Amino acid sequence: MAQFWKPGTEKPRLIDDEEGGVLFLSASASSSSSGYGFASFEKQRQRLPVYKYRTAFLYLVETHATTIVVGETGSGKTTQIPQYLKEAGWADGGRVIACTQPRRLAVQAVASRVAEEMGVKLGEEVGYTIRFEDATSTGTLIKFLTDGVLLREMMGDPLLTKYSVIMVDEAHERSISTDILLGLLKKIQRRRPELRLIISSATIEAKSMSAFFQTRRRRGLQGEEPALAMEPAILSVEGRGFNVQIHYVEDPVSDYIQAAVSTVLLIHDKEPFGDILVFLTGQDDIETAVKLLTEEARDNRKSSSGLIVLPLYSGLSRAEQELIFSPTPRGKRKVVISTNIAETSLTLEGIVYVIDSGFSKQKFYNPISDIENLVVAPISKASARQRAGRAGRVRPGKCYRLYTEEYFVNEMAAEGIPEIQRSNLVSCVIQLKALGIDNILGFDWPASPSPESMIRALEVLYSLGVLDDDAKLTAPLGFQVAEIPLDPMISKMILSSDQLGCSEEILTIAAVLSIQSIWVSSRGIQKELDEAKLRFAAAEGDHVTFLNVYKGFLQSGKSSQWCHRNYINYHAMKKVVDIREQLRRIAQRLGVTLKSCDNDILVVRKAVAMGFFANACRLEPFSHEGMYKTVRTSQEVYIHPSSVLFRVNPKWVVYHSIVSTDRQYMRNVATIEPSWLREVAPHFYRQDGPDAMLH
DNA sequence: GAGCACTGC
């Protein structure tokens, strides 16, 4: 877990996380040790709650195939357990101990902390691997990696033979990668009885994890360690959190933004000093709340003087992030108004009060329309507890829940719906296929996705030519697509560009599509941004526009001033260059000839269509509002106002993705010719299919 | 003329 600068500790150093954003990590990378002055690492390690379970833990690992560790925040499990395992000899004889994390930044932070504690150079005995960055060597004994990277490793080594122990940390977050990994590890266990699994999970998930890893004892197997228990062991380790007092509203609130603002003022008025963290759902909510509090501070200086109000969400600029992590001046009170990002991804020090709206934005996937929606939905009890826990990191705290106790007890779901049941499964299915899991529907998941979603994914992969009639990966296309670490539609586009002679252009487009946005964030400077966009806009759509921007960026000598003048995000462009280079290497390895089509934009559009034909849309005749319908599912969609084709409304387009608000908006849109659809995907756009309207 | 919960390969 990433830790951030705590006032009064060592000066932070900057970690540029390749996403273009900078976060502050304390030099010691762990707040739990920072209060102990000059104590040696060994002393510090012994003071962690997990230390007194060391022997018990090692015994359980010795005697059980799977051990589930339930550990609260600050127990030290993530940094200590891999070291205990190493000390007990699990890394002897050329074997490696693996520890997975859901996030890249956590991988780097934990690895560097453990290397420091062990007094070794990072990348040697202790190393880490994240996408595009491998800091390991042949001598690496403890390896931290994202769960996605471990899944990728299985493609080359399906039984993960080099690992003696695999620890899956933060398993309760139930990301898609974690769930796939858990399902596969359970399979591996049957083939490799000597392998040990450690699943680290929050209390609430431990039981279902245990049930999942419950395996029948196998009989008559030669060489199996006789004493090995197949039933998972569960070890609970207490955390370092302080007590958090929970307050509920007496009656349901109708406006949680207003309620949150009032609660902030009430705390500020009545409670001793200590920073406040407010959980709302998204940028809009947050900016409304910030505005209300700022106005309050202006109009009524008495009740709100001394408040420093700060928004927090992932899209913040570098400068705004700095404010969040700067220490609160004496006599002031910081109020951070945040999305879910403060629930798991980053930790703010100094929070004593939490205000929980009870809602967050969550993704839901509808396999019928094949559209992912982002909607405001009630959080689970597990999330509510996690949010409350953020108040107890420095001293006993208070959590104000903007819902009733009755609602919490009787209505709130115990846990959230796992991501795999809320997502498009195209990437997930191809990954399992690449690992030789043919019976996707029968796969032993920790939580099964709906058959409709799986069938929809199989259908798209079949149409892309990635799967054959028997739902097996095709050669070479299917295997190539599976090997490229991108959405299969983008991978198909890249591979198709080979025969069309425009791979240089398509690699650029693929790189741009895999980052959020190349434009500077636009609030308040909309007119300037629109004008800047016009300088690059292409009639063929956003993809060709990206090529114009990239060309301009290279011609400027990758100049940050040039980006600034043109309202382009310099850090995003640097990342595009970096990702493009990685993709170029992968494409070359797969035999794609690097070739530019110069200015023959037609082939570029065709390559885009070869990847994204499933997202084809036609403008509704006589539509004055620019209404389109998807060719496949007849969904009503519109071109997003950020697209260069907004209000241009060409008759036929393909889109890269959809954002859903009041309407379904297509982001990143390219013009196509309708005749291409049947040409590039004849089986998909059959004469008798839903595409009778192709005529 | 309007919007971006959060990750990851």
Side-chain angles (χ1 to χ4, degrees), chain A residues 2 17-19 21 100-107 129-134 145-155 170 173-181 279-287 312-316 338-346 357 359-364 372-377 379 383 416 419-420 422-423 426-428 430-431 434 481-488 490-491 514-517 519-523 526-527 529-530 579 582-583 586 625-626 638-643 646-649 657-668:
Chain A
D17 71 349
E18 191 209 72
E19 310 291 319
T100 74
Q101 296 289 322
R103 280 170 291 279
R104 303 161 54 98
L105 203 65
V107 167
T129 308
I130 55 184
R131 179 168 70 156
F132 299 155
E133 196 175 334
D134 184 12
L145 66 178
T146 52
D147 32 28
V149 167
L150 190 59
L151 278 178
R152 284 273 151 194
E153 286 192 0
M154 289 179 75
M155 288 190 186
E170 313 284 3
E173 287 188 25
R174 304 300 299 272
S175 72
I176 291 186
S177 306
T178 309
D179 269 18
I180 301 176
L181 188 60
F279 285 102
L280 295 180
T281 61
Q283 190 174 337
D284 268 353
D285 279 9
I286 288 168
E287 280 174 3
L312 174 59
Y313 45 87
S314 72
L316 282 182
S338 173
T339 61
N340 247 12
I341 192 169
E343 192 180 306
T344 49
S345 302
L346 53 88
S357 65
F359 290 94
S360 68
K361 282 198 184 175
Q362 291 163 41
K363 181 178 68 183
F364 289 95
E372 286 179 343
N373 277 297
L374 201 56
V375 295
V376 173
I379 61 168
S383 276
E419 190 187 9
I420 200 155
R422 302 183 280 114
S423 304
V426 165
S427 297
C428 162
I430 193 170
Q431 215 157 10
V481 168
E483 197 163 325
I484 302 177
L486 294 172
D487 180 294
I490 296 183
S491 307
S514 61
I515 64 160
Q516 281 274 340
S517 171
W519 308 102
V520 293
S521 61
S522 62
R523 290 212 188 219
Q526 200 49 58
K527 196 157 149 278
L529 178 61
D530 282 354
I579 292 177
Q582 308 289 342
L583 295 178
I586 294 170
E625 287 203 295
Y638 297 83
I639 292 182
H640 194 282
S642 66
S643 168
F646 179 67
R647 281 198 294 212
V648 177
N649 293 334
S657 64
I658 284 203
V659 292
S660 309
T661 52
D662 308 347
R663 289 174 169 181
Q664 320 278 1
Y665 285 103
M666 301 181 265
R667 286 183 69 196
N668 299 328

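Model, not experiment: these values are computed from the prediction. Here is the naming used below: chain letters follow the sequence lines, and residue numbers restart at 1 for every chain.
- Across all strands, A:Ser177 comes closer than 4.0 Å to no nucleic acid atom at all (heavy-atom distances).
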Residues A:Arg103, A:Glu170; criterion salt bridge (Lys or Arg N to Asp or Glu O under 4.0 Å); working and verdict: CA-CA 10 Å; A:Arg103 280 170 291 279; A:Glu170 313 284 3; 5.4 Å; no
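- Contacts of A:Leu486 with the nucleic acid, taken as non-hydrogen atoms under 4.0 Å apart, include base atoms.
- Here the P atom of nucleotide B:dC4 and the CD atom of A:Glu287 are 13 Å apart, to the nearest Å.
- Checking B:dG1, B:dC9, B:dG3 against every side-chain atom of A:His640, the shortest atom distance belongs to B:dG3.
- Nearest approach of A:Arg152 to A:Pro485, heavy atoms of both residues: NH2-CA, 3.6 Å.
- Remark: C1' of B:dG8 and CZ of A:Arg174 are 17 Å apart, rounded to the nearest angstrom.
- Closest to the A:Val149 side chain, of the nucleotides B:dG1, B:dC9, B:dG8, is B:dC9.
- Candidate nucleotides B:dG1, B:dC6, B:dC4 were compared by shortest atom distance to the side chain of A:Lys361, and B:dC4 ranks first.
- Look at CD1 on A:Ile658: it is 17 Å from P on B:dA2, rounded to the nearest Å.
- Syn is the conformation of B:dC4, whose glycosidic angle sits no further than 90° from 0.
- Atoms CD (A:Glu133) and P (B:dC9) sit 10 Å apart, rounded to a whole Å.
- Relative to the side chain of A:Ile130, the nucleotides B:dT7, B:dG1, B:dC9 differ in distance, and B:dC9 lies closest.
- Backbone-only engagement by A:Ile341 is indicated by non-hydrogen atom pairs under 4.0 Å involving sugar-phosphate atoms exclusively.
- Scored by the ring-ring contact (aromatic ring centres under 6.0 Å, His included) test, A:Phe359 finds A:Tyr256 as partners (sequence neighbours excluded).
- In terms of position along DNA chain B, the nucleotide closest to A:Asn340 lies nearer the 5' end than the nucleotide closest to the other residue of the pair A:Ser427 and A:Asn340.
- The nearest whole Å value for the distance from the CG atom in A:Leu105 to the C1' atom in B:dC9 is 17 Å.
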Side chain to side chain contact (heavy atoms under 4.5 Å, CB included) evaluation trace for A:Ile286 with A:Thr339: CA-CA 8 Å; A:Ile286 288 168; A:Thr339 61; 3.5 Å; yes
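- The listed nucleotides are B:dG1, B:dC9, B:dC6; the one nearest the side chain of A:Thr146 is B:dC9.
- For A:Arg152, counting side-chain heavy atoms from C-beta on, the closest listed nucleotide (B:dG1, B:dC9, B:dT7) is B:dC9.
- Here A:Asp530 lies in heavy-atom contact (under 4.0 Å) with a base.
- Taking side-chain N and O atoms only, A:Ser314 has a distance below 4.0 Å to OP1 or OP2 of B:dC6.
- Rounded to an integer number of Å, the gap from A:Arg131 CZ to B:dT7 P is 14 Å.
- Closest contact between the side chain of A:Tyr665 and the listed nucleotides B:dA2, B:dC4, B:dG1 involves B:dA2.
- The nearest whole Å value for the distance from the CG atom in A:Asn668 to the P atom in B:dC4 is 13 Å.
- At the heavy-atom level, A:Ser360 lies nowhere under 4.0 Å from the strands shown.
- When only modelled atom types and interatomic distance are considered, A:Ser383 and A:Glu343 share a side-chain donor-acceptor pair under 3.5 Å.
- Between A:Ser642 and the phosphate of B:dC4, there is no side-chain N or O to OP1/OP2 separation shorter than 4.0 Å.
- Checked against B:dG1, B:dG8, B:dA5, the side chain of A:Arg103 finds its nearest nucleotide in B:dG8.
- Applying the salt bridge (Lys or Arg N to Asp or Glu O under 4.0 Å) rule to A:Asp285 yields no partners; only residues at least two apart in sequence or on another chain are considered.
- Between B:dG1, B:dC4, B:dC9, one nucleotide has an atom nearer to the side chain of A:Phe646 than all others, and that is B:dG1.
- For A:Arg663 and B:dG1, the CZ to P distance is 10 Å, given to the nearest whole Å.
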